[in-house]
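Here is the structure we will look at, set down as structure tokens.
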Amino acid sequence: MQSQEKIQVNQLTKVFFKNKERVMALKDINFSIKNGEFVCILGPSGCGKTTLLRILAGLEKSSSGDHRIHASRTNHPLQSMVFQEQGVIPWMTVQENVSLGLRMRHVPKNHIKERTKTYLQKVGLTPYADLYPKELSGGMKQRVSIARAFANDPEILLMDEPFAALDEQNKFILQEELLSIWEETKKTVIFITHSIDEAILLSDRIFLMSAQPGTIKDEVKVDLPRPRQMTQVRSDPKMADVFLKIWNHLQTEVQESRIKSER
Amino acid sequence: MHRMKRRGDRAVEELNKAVEVEKEGLRRRQRNNRIKQVLTISSPIFMLLIWEVLSQTAIIDPRFFPPPTKIIETLVGMGTSGELFEHVQVSLIRILAGFLLGVIPAITLGLLMGMYSAIRHFFSPLIMALMPIPTLALLPLILIIFGIGEFSKIVTIAASVFFPVVINTAAGVTNIDKIYADVAKNYGANPTDFFLKIALPGAMPVMMEGIQMGQAIALLTIVAAEMIGANSGIGYVIWMNYKAFLIPEMFVGLILISFFGYLFSLLLRGLQSKLIPWK
Ligand SMILES: Nc1ncnc2c1ncn2[C@@H]1O[C@H](COP(=O)(O)OP(=O)(O)OP(=O)(O)O)[C@@H](O)[C@H]1O
Ligand SMILES: [Mg+2]
């Protein structure tokens, strides 16, 4: 591995035009993320988190500035995204959804079969392999999304609030599953969330974003030993401080954006 | 000890009662379904019975509305002579050929229109302008161009099937949620894969509705076309017997059309559930 830097973003800015009105979604975003790091992004609604991820995912172009994802291997996709809304394709079975990326890259059949099987098993969906998404619960659909991203074996993973629509119970289970898969694969992850607890549980670093225009205001390191558990995160007094710091940041940002929108 | 036993008994009793309640519910649903089935079957029979009685008692004119028993008798007679079979066969071949000749280009163009906005913007006005013209109004023109032979009928059907299918296919593609296109793009789909794995299956439900519509229009068109410019087919049977005032024979043609219309829509319904197992 030549470079420890996996993702580099320089002076990234994104402006949208909505019927003549200009929306500055992102302004001068700078960061770099090391190989194998788990980074969470927290920020008020509408601050441009999804936009940032979509630019990294190649689904949107930046207005200015640039970004790079360093490839360590050839023949592998740079990134795979887990979408905020339901990104599970209704006309494909669970199995077909999970193998989507592999099939699109036309890798050998037995390789597809093997990887799909592995990841179906890791998220506990093996018995449901041949079902269509309409027959799945919300939690199961999110498992499909996650398995699909990991099965594709990308250089980095981009996850846009994958657990937002789930109930607490399911969320805990999936967070644990995600962590255990992540610890096995050591992939670089950017993960968007609105939950401070979730961010602390999962990340090595947390980026705090400001309300529109979205900038990265601050960064918090989480140096808890891994593997982590929610109970342990909740009881750690140092983490209580971190929680409070993030909480206060979000409060001010939300208030500011409210004042701005009232003006 | 005794009390425990009694409590256990009561729990078993409760469970049995719950099972009984559910069983009763299931039985009620089955009964309801049976009633619905009976209603579905009995409504046409009921209508035929009334028709029979009214016609036999000459309350409605039996010359224009011969009793169903008479029509069935005529059907059997025409069927055994073998001539009817030929007409039916001719019509079915025309419908099938015309249907395919209309549907295949319609699906292709519809998918392309749905996927590429340039193609959509180019073809939309043409289709919108041509669609309101009834194909039957073009029949004289079609007969001049393609002659009186088989091909002119096939073209007529193809033209009338084309429009609902092309419009529904294009709409089916454009209505696919944008997120699935994003997913496909993010996971590296090339244009061919996108076409086959996203656009086609995603558009399938709306497209099949267009095909259902096309099938109904194909039947209407073939009968009318055969009445005007043909000397064979079910439409021809209806028209010739009407002109000869052979009313029961005319009714045989009408019943055949109704039968095949029903049969086709059942077949398409079956195909639909095969092609769209995920709905
Ligand atoms: N395609 C687009 N066209 C115009 N404006 C857009 C577009 N996409 C996003 N925006 C605007 O950019 C801003 C940021 O949107 P984005 O979806 O990135 O926010 P977010 O941080 O992900 O919010 P949330 O937490 O609610 O998901 C919003 O003001 C939004 O209205
Ligand atoms: Mg978002």
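Each chain gets a letter, A, B and so on, in the order the sequences are listed, and its residues count up from 1. Nothing here was measured: the structure is a model prediction, and the numbers come from that model.
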Worksheet item: Is it the backbone or the side chain of B:Ile198 that comes under 4.5 Å from a heavy atom of chain A, or both, or neither?
Response: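 For B:Ile198, backbone and side chain are both near chain A.
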Worksheet item: For B:Lys197, is it the side chain, the backbone, both, or neither that has a heavy atom closer than 4.5 Å to a heavy atom of chain A?
Response: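 Both parts, backbone and side chain.
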Of all heavy-atom pairs between [X] and [Y], which one has the smallest distance, and what is that distance?
X: A:Tyr132; Y: B:Pro277; result: OH-CG, 3.3 Å
X: B:Tyr180; Y: A:Val88; result: CE2-O, 3.4 Å
X: B:Asn186; Y: A:Leu59; result: N-CD2, 4.3 Å
X: B:Asp193; Y: A:Met104; result: CB-SD, 3.5 Å

Discussion item. Taking every non-hydrogen pair under 4.5 Å, which of A:Gly101, A:Pro77, A:Pro133 racks up the most with chain B?
Written reply: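 Looking at each option in turn, the highest pair count goes to A:Gly101.
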Tell me, yes or no, whether the heavy-atom count around [X] atom [atom1], taken from other residues, nucleotides or ligands under 6.0 Å, exceeds 12.
X: B:Phe264; atom1: CZ; result: yes
X: A:Lys113; atom1: NZ; result: no
X: A:Asn75; atom1: CG; result: no
X: A:Glu21; atom1: CD; result: no
X: B:Phe122; atom1: CZ; result: no
X: A:Arg22; atom1: CZ; result: no
X: B:Lys274; atom1: NZ; result: no

Worksheet item: Judged by atom type as modelled, is there a donor-acceptor pair below 3.5 Å linking the side chain of B:Tyr187 to the main-chain atoms of A:Met81?
Response: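 Answer holds: yes.
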Part of [X] within contact of chain B (heavy atom distance under 4.5 Å):
X: A:Gln79; result: both
X: A:Pro90; result: both
X: A:Arg148; result: both

Worksheet item: Could you give the distance from NE2 (A:His106) to CG (B:Asn190), rounded to the nearest 0.5 Å?
Response: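 The distance works out to 5.0 Å.
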Discussion item. If you apply the rule side-chain contact (heavy atoms from CB on, under 4.5 Å), what do you find for B:Ile176 with A:Trp91, and how did you get there?
Written reply: CA-CA 11 Å; B:Ile176 295 175; A:Trp91 49 88; 3.8 Å; yes
